[in-house]
Protein chains: 2
Amino acid sequence: MQKDKKIKPVPEPTIKRLPVYLHYLNKARLEGVINISAPTIAGELKLDPTQVVKDLSFTGIKGRTKIGYNIYELIHYLEEYLGFNKTNNAFLVGAGNLGSALMAYQAGQSLGLKILAAFDISADRIGEKTGQVNVLHMNNFGEMVKRLNVSIGILTTPEHVAQEMAEKMIACRIKAIWNLTPAYLKLPENIIVQNTSMYSNVAVLLKRLEESDVVI
Amino acid sequence: MQKDKKIKPVPEPTIKRLPVYLHYLNKARLEGVINISAPTIAGELKLDPTQVVKDLSFTGIKGRTKIGYNIYELIHYLEEYLGFNKTNNAFLVGAGNLGSALMAYQAGQSLGLKILAAFDISADRIGEKTGQVNVLHMNNFGEMVKRLNVSIGILTTPEHVAQEMAEKMIACRIKAIWNLTPAYLKLPENIIVQNTSMYSNVAVLLKRLEESDVVI
DNA sequence: AATATTTAAAGAAAATTTTCTTTATAAGAA
DNA sequence: TTCTTATAAAGAAAATTTTCTTTAAATATT
């Protein structure tokens, strides 16, 4: 348990907002914006201006009073901080609809991840090519991980094989798994798992809708 | 600004965890579990036991010392609380890969939402049927909303038409939008928008991976 | 040049959320 | 029965995150 180092941790909510800023800034840049202030960003994204300042300060960028931030510089700092400028190679397991959606997604624009290949066990999917990405048989997974030195796996299988495939992934030295299945994965402590639960989002939506109905 | 009523608001983190409990409990139930304690749930999902107790208490359920909760009762309370037992009808706009994934998803198991129909503008998608759900032309959206009295829209279009389609949805009296595109939607205050950003999840994953690399 | 205004930055305060502590209760064991 | 133990419940404390306040700097205006 080493936690002596006083590297103040970045709040997770901040980490989640940073890509939202980045996305917005890229759009603004295309519209010709050169300098942009925190209050402007906050106004657009309906956030508190001081929160935007604080969030951005984590990337190390400095703004100028009365001018704001240089948008190119800010984008650079954000990409650098988030690691979106590095190529973070990933393999995708489960080339169904959701998997295909992700492959198509990143074909268009950098999601920070680069899906080098997809894997499946269903014969009729293997050999397909979805938006630049080849679908290979899961049998080749281990070899390909070694060959391309990939450490991130994206899990988009049906739920009932999720645990099994996750285990196969880490047996092949995958270190971090982005789990888009509803399954709760039981894996060793040292494996990083990022769960993206559709359920949770639906739950929040329904609760807010319910609240709004009550308060007429 | 009415906020005199002391209806203590349920923490959003709690709302997001509740469907995770529900999902786990349904699995446990199939394995024959009758009674289950908060520490057991916490152990399985790697959470703090008291947090589980506190979360569950929001649903109004009462547990029994030394026994825990009756699993059927607990599932019932959760479904009731989350509104997952009611049929929450929704229309989906954008029948691409991601849209199809969601349609396929809910075909299998109740996500709390029932997608009654999907809409698109691409001629070759219209008439298709993905997992029980018909794909109709967006021109019919308004009429169908009125006919089936739907108030929830799921947005899975390409980003560049997201704003436009969202506006079309609310013009047709949709009240809540689950936005799965990266677009930040500018809509009237009274519209409920739930953003599910893939970017944010990637960002958290990459940061955690980076941290783990540093601390060898 | 002087002044007013905008804004980033830093720190304090407030709000929220999680974790810890205590208490009460009921089940099982002795 | 009596004692021990597991657990929910309730409240307190701690940690985290957001919002508020103050300060300082730099630009634009007069």
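Please read these numbers as outputs of a predicted model, since none were measured by experiment. All chains are named by letter (A, B, ...) in the order of the sequence lines, taking the proteins before the strands, and each is independently numbered beginning at 1.
Among residue pairs with one or both ends in residues 190-208 of chain A, those qualifying as salt bridge (Lys or Arg N to Asp or Glu O under 4.0 Å) are A/Lys207-A/Glu210; sequence neighbours excluded. Within the structure, salt bridge (Lys or Arg N to Asp or Glu O under 4.0 Å) contacts touching residues 173-188 of chain B (residues at least two apart or in different chains) are A/Glu44-B/Lys186, A/Asp213-B/Lys175. Every pair passing salt bridge (Lys or Arg N to Asp or Glu O under 4.0 Å) that includes a residue from residues 48-72 of chain B is listed here, sequence neighbours excluded: B/Arg17-B/Asp55.
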Might you work through the ring-ring contact (aromatic ring centres under 6.0 Å, His included) test for B/Tyr24 and A/Tyr184, ending with a clear yes or no?
CA-CA 8 Å; B/Tyr24 165 72; A/Tyr184 182 85; 8.1 Å; no
Summarise how protein sits on nucleotides 25-30 of chain D as a single string, 5' to 3': B when a protein heavy atom is under 4.0 Å from the base, S for sugar-phosphate-only contact, - for no contact.
BSB---
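For D/dT17, neither phosphate oxygen OP1 nor OP2 lies less than 4.0 angstrom from any side-chain nitrogen or oxygen of A/Arg17.
Between the side chains of A/Ser197 and A/Asn195, not a single donor N or O lies within less than 3.5 Å of an accepting N or O.
Out of D/dT18, C/dT18, D/dT19, the shortest distance to the side chain of A/Pro13 is found at D/dT18. Across C/dT19, C/dA10, D/dA8, the shortest atom-to-atom separation from the side chain of B/Val53 is found for D/dA8. Checked against C/dA10, D/dA9, C/dT19, the side chain of B/Gln51 finds its nearest nucleotide in C/dT19.
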N/O donor-acceptor pairs under 3.5 Å from side chains in residues 26-35 of chain A, not counting sequence neighbours:
| residue | atom | partner | partner atom | Å |
| --- | --- | --- | --- | --- |
| A/Asn26 | OD1 | A/Arg29 | NH2 | 3.0 |
| A/Asn26 | ND2 | A/Leu22 | O | 3.3 |

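Taking atom NZ on A/Lys54 and atom C1' on D/dT18, their separation rounds to 8 Å, with Å as the unit. In this structure, A/Leu56 atom CG and C/dT7 atom C1' are separated by 13 Å, rounded to whole Å.
Listed in residue order, the members of residues 33-40 of chain A having a heavy atom less than 4.0 Å from DNA chain C are A/Ser37, A/Ala38, A/Pro39.
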